[in-house]
Number of protein chains: 2
Amino acid sequence: MSQSERKSERHATTNVAACTCANLRKAARVVTQRYEAALQPTGLKATQFTVLATLTKRGDLPLTHLADALVLDRTTLTRNLKPLAGQGLITIENERDQRVRRIKLTAKGSKAFKAALPHWEKVQSKIVAGLGHKRWSGFLDDLAATIAEARST
Amino acid sequence: MSQSERKSERHATTNVAACTCANLRKAARVVTQRYEAALQPTGLKATQFTVLATLTKRGDLPLTHLADALVLDRTTLTRNLKPLAGQGLITIENERDQRVRRIKLTAKGSKAFKAALPHWEKVQSKIVAGLGHKRWSGFLDDLAATIAEARST
DNA sequence: CTCATGTACGTGCATATGCACGTTCTTTGA
DNA sequence: TCAAAGAACGTGCATATGCACGTACATGAG
């Protein structure tokens with residue numbers, strides 16, 4: 001078997017080992033473990049850090065909008081928020097439209113996020129350096145494109 | 001702000017929106033939903049399909065080895081296997097070394113995997129086409145590199 | 001042979017994930 | 001104004017994920 005044949009088989013669409021879903025999940029699992037370890041001293045889980053980061057960047061948001069920003073099911077977010085609300089890092093408030101739950105970052109939440117930021121930067125830098133900045137940058141673009149395409153389909 | 005500055009900020013290591021972990025998880029979530037939908041008529045979940053595919057490719061394996069191949073925590077796999085064993089798609093057998101649980105694909109499991117394969121190919125093709133084959137191929141390489149790097153660290 | 005060491009595993013706990021279904025509230029068309 | 005349509009949400013169910021901890025078994029040094 002030639003080199004090109006081997007490569008084309010490895011990357012054939014129909015090679016189950018090349019399953020986009022399985023490989024994405026593998027990467028998500030192992031990378032999450034690195035981030036969890038790095039964030040461990042902050043008391044925040046990786047997903048919680050992401051929620052706080054999104055609220056910091058986007059400001060208060062209704063639950064559904066926050067879920068959309070996080071590419072997360074609405075009902076999953078409902079439950080993910082409970083530990084954060086329990087710790088007083090966010091509040092869940094009603095609006096004039098009583099159907100809407102507005103998710104609000106508290107001062108404590110903002111402080112916790114800022115305190116966690118250096119730990120996040122450390123592990124993020126390590127991952128980026130591991131791939132090399134240029135390659136990582138393209139990788140991130142591919143992730144965004146994949147998300148956009150899978151969402152629109 | 002110039003174009004290059006905007007780009008460098010977007011891909012700055014310290015831009016929380018560029019969090020490798022969060023973006024990997026987002027992509028894994030939305031892509032998983034596509035595969036779940038495609039596999040729905042087969043009665044297999046995406047993770048279950050992956051287990052069957054791995055057993056098909058690698059043959060029977062002890063639990064820990066299978067977990068390693070799947071980049072999955074051993075204890076998670078223990079539980080993920082239960083529905084598969086319940087449906088008779090795999091068996092969990094003892095060895096001479098009584099500590100070892102050998103995971104074995106049954107004939108029924110093999111059949112279920114083969115029946116699911118066309119459904120998998122359909123959604124896989126769609127995802128690949130969405131990115132373009134060349135870009136997808138590089139994306140897959142990046143995923144593999146990320147997994148390898150995060151595992152070794 | 002025996003005990004210390006190491007290996008393979010399961011379970012309790014906590015969080016993560018999404019679908020189906022039902023509830024409450026708002027908006028809109030007649 | 002009022003009923004139908006639609007929007008925002010919560011909960012039950014099932015699976016997914018990994019850590020801490022404990023158990024059973026195998027192996028090797030003495």
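The basis for the numbers below is simple: all heavy atoms, side chains too, and nothing from hydrogens, waters or symmetry mates.
The closest donor-acceptor contact from the side chain of B:K108 to the backbone of B:Q87 lies under 3.5 Å. Counting only distance, with no hydrogens or angles, the side chain of A:D68 and the backbone of A:T64 share no donor-acceptor pair below 3.5 Å.
Along DNA chain D, read 5' to 3', the first and last nucleotides having any atom under 4.0 Å from a heavy atom of chain A are D:dG6 to D:dC19.
With respect to A:R25, the side chain to side chain contact (heavy atoms under 4.5 Å, CB included) criterion is satisfied by exactly one of B:T47, B:L143, B:T50, B:L24: B:T47.
B:F49 and B:F113 have tilted rings, their planes meeting at an angle from 30° to 60° on a 0 to 90° scale. Note: B:F139 and A:F139 have tilted aromatic rings, judged against thresholds of 30 and 60 degrees for the angle between ring planes.
Comparing A:R102 and B:Q98 along DNA chain D, the residue whose closest nucleotide (by nearest heavy atom) sits nearer the 5' end is A:R102.
When heavy atoms are screened at a 4.0 angstrom cut-off, A:R96 is found touching the sugar-phosphate backbone but no base atom. If you check every strand for non-hydrogen atoms under 4.0 Å, A:Q33 touches sugar and phosphate atoms only.
How far CG of B:L77 is from NE2 of B:H65: 12.5 Å, rounded to the nearest 0.5 Å. Within the model, atoms CZ of A:R135 and CG of B:D141 stand 6.5 Å from one another, a figure rounded to the nearest 0.5 Å.
Of all the residues in residues 65-93 of chain B, B:R74, B:T75, B:T78, B:R79, B:K82 reach under 4.0 Å from DNA chain C with at least one non-hydrogen atom.
Residue B:V100 is not grouped with residue B:L72 when hydrophobic side chains (ILVMFWY) are merged at heavy-atom distances under 4.5 angstrom, including chains of intermediate members.
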